[in-house]
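Structure first, then comments.
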Amino acid sequence: MAVFYGEELGSALMLGTAGYPSPAVLARAFRVSGAGVATVSLRREAGGGQDFWALVQDLGVRLLPNTAGCHGVREAVTTAQMAREVFGTDWIKLEVIGHADTLQPDVFGLVEAARILSAEGFRVFPYCTEDLIVCERLLEAGCEVLMPWGAPIGSGMGLNNPFGLRALRAAFPGVPLVVDAGIGLPSHAAAAMEMGYDAVLVNSAVARAGDPAAMAGAMAGAVRAGRAAWLADPMERTDMAVASTPVLGRAFL
């Protein structure tokens with residue numbers, strides 16, 4: 001099972017709480033998914049008030065507050081500090097957005113904010129790109145987990161840079177890695193797990209589906225299948241055909 005900051009989770013699926021048609025639909029999706037973590041945004045969900053917080057607490061899963069919507073270091077750090085007070089946890093998914101259209105992270109601000117929060121005792125889950133140098137700097141800043149994007153947030157495009165994601169897994173074999181953002185289909189989630197990733201974080205693909213609970217169940221199955229495939233040590237790919245039936249014992253004319 002996935003282990004983050006010394007805590008073992010029962011599922012490799014992390015599920016977001018934003019954008020569902022209703023609180024009842026959100027709760028049903030979580031029950032079906034068996035997700036081990038629920039991400040919550042202090043800024044984007046503040047309008048839900050106490051009813052929303054009560055619903056999130058009733059989900060019975062590990063909470064991972066995030067700094068969604070923050071575009072600067074000071075803003076992200078302050079939001080993280082507020083989230084710790086509200087949710088009573090040192091876990092924080094750190095987002096420092098640098099580009100309004102793609103929601104690509106500002107990696108320079110991200111490293112700075114990660115260093116500040118790690119020094120304050122936070123357990124930082126940084127939303128980052130798959131750039132090896134950026135990820136190395138985040139680890140040096142105190143992060144023990146990396147959350148590279150698969151594609152722009154909410155796009156559903158899947159894994160845009162499989163080579164980069166595989167290279168990241170190979171470069172940091174002992175670091176827990178989570179594909180965050182861009183997953184739109186269960187096949188995308190399975191592909192990430194087949195690469196050896198420890199978890200995937202999904203929100204829009206479930207919340208915006210015609211049947212969120214059914215999609216949540218499909219994502220859960222895909223994550224389990226992908227992890228099982230990784231552990232099975234998949235066959236190597238080749239550029240040429242390799243006969244599966246041996247020639248030995250066949251008649252020659």
Side-chain angles (χ1 to χ4, degrees), residues 2-7 9 12 14 16 37 39 41-43 64-84 89-155 157-183 192-193 195-201 203:
V3 178
F4 302 100
Y5 288 103
E7 184 169 336
L9 303 178
M14 299 180 175
V37 168
T39 60
S41 169
L42 184 68
R43 298 193 59 185
L64 177 60
N66 66 40
T67 62
C70 293
H71 289 258
V73 173
R74 184 173 181 179
E75 184 182 21
V77 168
T78 300
T79 301
Q81 293 166 338
M82 294 171 62
R84 179 160 62 179
T89 177
D90 290 329
W91 281 24
I92 190 72
K93 179 192 168 190
L94 179 61
E95 297 184 27
V96 182
I97 301 302
H99 192 274
D101 292 332
T102 64
L103 299 182
Q104 182 169 332
D106 170 2
V107 296
F108 304 103
L110 182 66
V111 171
E112 183 180 350
R115 184 173 291 110
I116 293 170
L117 292 174
S118 294
E120 293 184 4
F122 280 90
R123 303 295 185 257
V124 180
F125 292 67
Y127 162 61
C128 57
T129 64
E130 68 278 18
D131 185 281
L132 295 178
I133 307 306
V134 169
C135 289
E136 189 173 66
R137 296 294 181 269
L138 286 167
L139 295 175
E140 291 172 354
C143 299
E144 296 180 16
V145 176
L146 298 170
M147 301 184 77
W149 66 346
I153 293 172
S155 68
M157 291 191 292
L159 309 182
N160 275 357
N161 184 8
F163 171 81
L165 292 172
R166 288 193 184 94
L168 188 63
R169 176 72 287 173
F172 303 110
V175 176
L177 300 180
V178 182
V179 170
D180 174 21
I183 289 178
M193 298 301 292
M195 291 179 185
Y197 276 69
D198 298 277
V200 297
L201 198 163
N203 191 160

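These values consider heavy atoms only, across backbone and side chains, with no hydrogens, waters or symmetry-generated copies.
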Between [X] and [Y], is any pair of side-chain heavy atoms under 4.5 Å apart?
X: D131; Y: V107; answer: no
X: C70; Y: V96; answer: no
X: C135; Y: P148; answer: no
X: L168; Y: Y197; answer: yes
X: V200; Y: M193; answer: yes
X: T129; Y: P105; answer: yes
X: L138; Y: V134; answer: yes
X: F172; Y: L132; answer: yes

For this session: For a side chain to side chain contact (heavy atoms under 4.5 Å, CB included) with V124, tell me which candidate from I92, L146, D90, L110 qualifies.
Result: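 Of all the options given, the one that passes is I92.
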Exercise. Knowing that exactly one of V145, L64, V178 qualifies, which makes a side chain to side chain contact (heavy atoms under 4.5 Å, CB included) with K93?
Worked result: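 Of V145, L64, V178, side chain to side chain contact (heavy atoms under 4.5 Å, CB included) with K93 is met by L64 alone.
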Between [atom1] of [X] and [atom2] of [Y], what distance do you get to the nearest 0.5 Å?
X: E136; Y: C143; atom1: CD; atom2: SG; answer: 13.0 Å
X: N160; Y: L165; atom1: CG; atom2: CG; answer: 9.0 Å
X: I153; Y: Q104; atom1: CD1; atom2: CD; answer: 10.5 Å
X: I183; Y: L201; atom1: CD1; atom2: CG; answer: 8.0 Å
X: R74; Y: T79; atom1: CZ; atom2: OG1; answer: 11.5 Å

For this session: Return yes when atom CE of M157 has more than 12 non-hydrogen atoms of other residues, nucleotides or ligands closer than 6.0 Å, and no otherwise.
Result: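 Yes, the 6.0 Å shell around CE holds more than 12 heavy atoms from other groups.
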For this session: Please indicate whether Y5 has more than 12 foreign heavy atoms, meaning atoms of other residues, nucleotides or ligands, lying under 6.0 Å from its OH.
Result: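 Correct, the count exceeds 12.
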For this session: Answer yes or no on whether R123 is positioned over the face of F4, meaning its NZ or CZ is under 6.0 Å from the six-membered ring centre and within 45° of the axis.
Result: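 Judged by the rule, R123 and F4 form no cation-pi pair.
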Is the side chain of [X] donor-acceptor paired with the backbone N or O of [Y] at a distance under 3.5 Å, no angle test?
X: T67; Y: L94; result: no
X: D198; Y: L177; result: yes
X: R169; Y: M195; result: no

For this session: Give the ring-plane orientation class for Y127 versus W149, where under 30° counts as parallel, over 60° as perpendicular and anything between as tilted.
Result: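 Ring orientation of Y127 relative to W149: perpendicular.
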